[in-house]
Each structure stands twice: as structure tokens, then as C-alpha cells.
Amino acid sequence: MKLTYRGSNYEYDIPTVDMVEGEVAGKYRGQNWNYRYPRHIPNPKKYGGTNNTKKRDAQAGDRDVAAARASTTVEYYPTVVEVAQVHQANICNILDRRKQAAKAKGDETLLRLLEIESRQMVC
């Protein structure tokens, strides 16, 4: 494709991406449609990959596949308190790095302000 920018002509070739068909995602007007992934990106592994699949199959025994999948899908969502604790720790770490940088520069005014902020944040 020939393009022009501010009087400069140049050729732009659109890169082609080799796509791989994934699992069936649904139906549209009676036809199945699948997820598509670029070939260089591996397909997402459900349930933790191959090792977990072998364990799941060994544990499932005579149960059907649907029951085995339902028993292995455990999702964990952190609580608000856990997220707040991690957020507080991250802010304190950033504050410590800023204090170290102020010490290295010799900026006493900034260092005093950061100490006050540190006391307010209870770091």
C-alpha cells in the first residue's frame, strides 16, 4: 500500500497473521463460530495445563467429563481487605524508593516532606 506523509512517499505492507481455530464459542444463524488465536500465541490452557489434566482424569475415574470439569474449576477472588493491604504495601514501597532517591540527590526539603507523608500513611 502506498502512503504519503508530509510529502514523503513510502510503502506500507500490512503484516499477515496466521490464525488458529480454537474451540466452538457459539452459533450464529445456525453456523458454529470459533475463537481464533494468532499462531505464535499458545491456546489458553484451562485447568492448569497438561499435568493438571492428567491428575484430573485420574481422579475423575468413572465420572463424566462435565462433572470432572465442574469439580476442578475453583476460582479465587481476593477480598477487599487483602486488596487494601497489598495496595498499602505498594504505596509504602514506592515511598521508600522516593526517600532513597531524595537522599541520593541530597534534597532535604523533599526528604522532610516524604517523612511526613510516611508518618501519615503509617508505613
Looking at Gln31, I'd like to know if its CD atom is crowded, meaning that more than 12 non-hydrogen atoms belonging to other residues, nucleotides or ligands lie closer than 6.0 Å.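 Open.
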Please report the interatomic distance [atom1]([X]) to [atom2]([Y]), rounded to the nearest 0.5 Å.
X	Y	atom1	atom2	answer
Asn93	Gln88	CG	CD	10.5 Å
Glu115	Leu110	CD	CG	10.5 Å
Arg112	Ile116	CZ	CD1	8.0 Å
Gln100	Leu111	CD	CG	11.0 Å

Sequence-distant partners of Leu95, side-chain contact (heavy atoms from CB on, under 4.5 Å), two or more places apart: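 Residues passing side-chain contact (heavy atoms from CB on, under 4.5 Å) with Leu95: Arg98, Leu114, Glu117, Ser118, Cys123.
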Sequence neighbours excluded - salt bridge (charged side-chain N to carboxylate O under 4.0 Å, His left out) pairs with any residue from residues 80-90: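 Residue pairs with at least one partner in residues 80-90: there are none.
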Nearest heavy atoms of Tyr5 and Tyr10, plus distance in Å: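 That would be CB-CE2, 4.0 Å.
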By side chain to side chain donor-acceptor pair (under 3.5 Å), which residues pair with Asn9, not counting sequence neighbours?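 For Asn9, the residues satisfying side chain to side chain donor-acceptor pair (under 3.5 Å) (neighbours in sequence not counted) are Thr4.
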